[in-house]
K.L.:
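The structure is given below, and queries will be raised subsequently.
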Amino acid sequence: MEKTNRGCFMMVKHLPFKKSLMTALLIAFSFLGSPALKAEAKKTEQTASVATTTLQASVVNINQADLSKLQDLKGIGPAKAQRILDFRSQHGPFKSIEALTQVKGINLRILEQNKGRIKI
């Protein structure tokens, strides 16, 4: 095997497996247009669609949610969920998402953790 050094690349001439390597690459690339690969891509796309739908379904309306639904939010346990319900029954529906910070124990950090998951 003869090696030549050209710049930063080492060139190897007369490799016995060069032809078999090229054949393997051609076979691998021929599968790119195969029906099996297209089916796998479609399956992946459907999975992503289901994940998006699940994320949209987990949005919590703070003016309608019950105790268990409020606990789906990050940083909201049973005690904070109950405080939200109590605040809502005493003061009426929330006029903004930021108004949740008036509830004891709810701060901007919790709102940030749940950004996109809370609606009024």
K.L.:
What residue pairs, at least two apart or across chains, pass side-chain hydrogen bond (donor to acceptor under 3.5 Å, both in side chains) with a residue in residues 97-110?
P.N.:
none
K.L.:
Which residues satisfy the side chain to side chain contact (heavy atoms under 4.5 Å, CB included) test with Lys115, sequence neighbours excluded?
P.N.:
Glu112
K.L.:
Could you state the interatomic distance from CG (Leu73) to CG (Asn114), rounded to the nearest 0.5 Å?
P.N.:
4.5 Å
K.L.:
Only pairs under 3.5 Å count here: list side-chain donor-acceptor contacts from residues 85-95, not counting sequence neighbours, and write none if there are none.
P.N.:
unit_1, atom_1, unit_2, atom_2, d
Asp86, OD1, Gln82, NE2, 2.9
Arg88, NH1, Ile62, O, 2.5
Arg88, NH1, Ala65, O, 3.2
Arg88, NH2, Ala65, O, 3.0
Ser89, OG, Leu85, O, 3.4
Ser89, OG, Asp86, O, 2.9
His91, ND1, Phe87, O, 3.3

K.L.:
Determine the sole option in Ile110, Leu100, Val103 for which the side-chain contact (heavy atoms from CB on, under 4.5 Å) test with Lys80 is passed.
P.N.:
Ile110
K.L.:
Going from CG on Leu111 to OG on Ser96, what distance comes out if it is rounded to the nearest 0.5 angstrom?
P.N.:
9.0 Å
K.L.:
Tell me the closest heavy-atom pair linking Gly105 and Arg83, and the distance in Å.
P.N.:
CA-NH1, 4.1 Å
K.L.:
Does anything in residues 97-120 form a ring-ring contact (aromatic ring centres under 6.0 Å, His included)? List the pairs, not counting sequence neighbours.
P.N.:
none
K.L.:
Quick one: closest heavy-atom pair of Gln113 and Lys74, and the distance?
P.N.:
O-CD, 3.8 Å
K.L.:
Side chain to side chain contact (heavy atoms under 4.5 Å, CB included) with Gln64: which residues, sequence neighbours excluded?
P.N.:
Asn61
K.L.:
Applying side-chain hydrogen bond (donor to acceptor under 3.5 Å, both in side chains), name anything that partners Ser68, two or more places apart in sequence or on another chain.
P.N.:
Asp66
K.L.:
Search all heavy atoms of Ser58 against all heavy atoms of Arg117 and return the closest pair with its distance.
P.N.:
O-NH2, 3.5 Å
K.L.:
Do Ile106 and Ile76 come close enough that some side-chain heavy atom pair is under 4.5 Å?
P.N.:
yes
